[in-house]
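One structure below.
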Amino acid sequence: MKKIIPILLLAILFISCEDNYSYPEELTTKQVFSFHVNSSEWVEHVDNQGLNRYYSCNFKINGPEDYFISRGAAMAYVDYGNYQQGLPYTRHFENTAGNRWTTTIDYDYSATDVNFYVTSSDFAVARPEEMYFRLVLIW
């Protein structure tokens, strides 16, 4: 009897989870895009009051279709030559004057384009440096 109780509990668990199980799909297609942004190409954005500054750069992409948008996945990286950092990327900085700030690099994408964003927590008026990015789409 003691051996039957764990088996029954396990059976109930499998029965109750059956409807929630997601079967893996084959991801057979991928596209890899590489982007280069010069410091002068970053576009500055502020709100109507001149606050909440961030910078962006937009690239047109072709290839992803509605199927990708609903079933695929995107991974983006900032490329630092010898290594890549997955996005979003957040780092904290401090200078010798005691100033502290955080820089965040993130992105969004659609079926036709990708946007990369750089935001500094102190909203400094300073264009981001030259950067290289990779976008990997799989579906």
Side-chain angles (χ1 to χ4, degrees):
M1 183 66 169
K2 288 182 182 180
K3 292 182 181 181
I4 294 176
I5 292 174
I7 293 172
L8 288 174
L9 290 175
L10 201 56
I12 291 170
L13 177 67
F14 281 122
I15 291 169
S16 64
C17 294
E18 185 175 336
D19 293 335
N20 296 327
Y21 184 74
S22 176
Y23 295 94
E25 295 183 33
E26 287 288 323
L27 300 175
T28 58
T29 305
K30 73 175 179 185
Q31 284 183 292
V32 179
F33 299 91
S34 296
F35 305 101
H36 172 230
V37 184
N38 288 311
S39 181
S40 62
E41 295 173 315
W42 289 105
V43 177
E44 180 182 26
H45 302 272
V46 293
D47 63 16
N48 291 336
Q49 298 172 334
L51 302 172
N52 301 305
R53 179 174 286 103
Y54 68 93
Y55 294 86
S56 73
C57 193
N58 174 273
F59 293 97
K60 298 296 179 198
I61 57 175
N62 57 8
E65 298 175 9
D66 290 337
Y67 181 83
F68 164 76
I69 297 300
S70 65
R71 293 248 163 96
M75 297 165 285
Y77 306 88
V78 60
D79 188 341
Y80 287 112
N82 294 333
Y83 67 95
Q84 295 178 37
Q85 176 68 49
L87 298 182
Y89 166 88
T90 301
R91 286 293 184 269
H92 311 285
F93 299 95
E94 179 178 28
N95 62 19
T96 55
N99 299 319
R100 295 177 180 168
W101 69 97
T102 299
T103 297
T104 301
I105 305 170
D106 60 317
Y107 74 106
D108 62 27
Y109 64 93
S110 72
T112 59
D113 60 349
V114 59
N115 297 292
F116 294 100
Y117 303 97
V118 178
T119 306
S120 182
S121 65
D122 62 359
F123 302 108
V125 182
R127 288 192 180 281
E129 63 192 22
E130 173 184 42
M131 293 186 192
Y132 295 86
F133 296 97
R134 284 184 59 239
L135 176 68
V136 179
L137 307 178
I138 55 174
W139 67 96

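Treat the numbers as computed from the prediction; the structure is a model and nothing was measured.
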Contacts table for residues 72-85: side-chain donor-acceptor under 3.5 angstrom, sequence neighbours left out:
from	atom 1	to	atom 2	distance (Å)
D79	OD1	G81	N	2.9
Q84	OE1	R134	NH1	2.7
Q85	OE1	R91	NH2	3.2

Distance flag, aromatic centroids of F33 and F59, threshold under 6.0 Å: no
Can you find a pair of side-chain heavy atoms, one from V118 and one from I105, that are under 4.5 Å apart? yes
Write down the atom of D113, the atom of N115, and the distance for their closest heavy-atom approach. OD2-ND2, 4.2 Å
Any non-hydrogen side-chain atom of I61 less than 4.5 Å from a side-chain atom of F35? yes
Would you please name every residue forming a salt bridge (Lys or Arg N to Asp or Glu O under 4.0 Å) with E41, sequence neighbours left out? none
Pair S40-N38, side-chain donor/acceptor within less than 3.5 Å: no
Just so I know, are the side chains of F133 and V114 near enough to count as touching, which here means a heavy-atom distance under 4.5 Å? no
Quick check: closest heavy atoms across S120 and W101, and the distance to 0.1 Å? OG-CD1, 3.6 Å
Polar side-chain atom of S39 near backbone of P128 as donor-acceptor pair, under 3.5 Å: yes
Side-chain heavy atoms of D108 within contact of Y117, under 4.5 Å: yes
Between V37 and W42, is any pair of side-chain heavy atoms under 4.5 Å apart? yes
Determine, step by step, whether R53 and E44 satisfy the salt bridge (charged side-chain N to carboxylate O under 4.0 Å, His left out) criterion, reporting the C-alpha distance in whole Å, the side-chain angles of both residues, the deciding distance to 0.1 Å, and the verdict. CA-CA 7 Å; R53 179 174 286 103; E44 180 182 26; 2.3 Å; yes
So, using salt bridge (Lys or Arg N to Asp or Glu O under 4.0 Å) as the criterion, who are the partners of E129 when residues are at least two apart? none
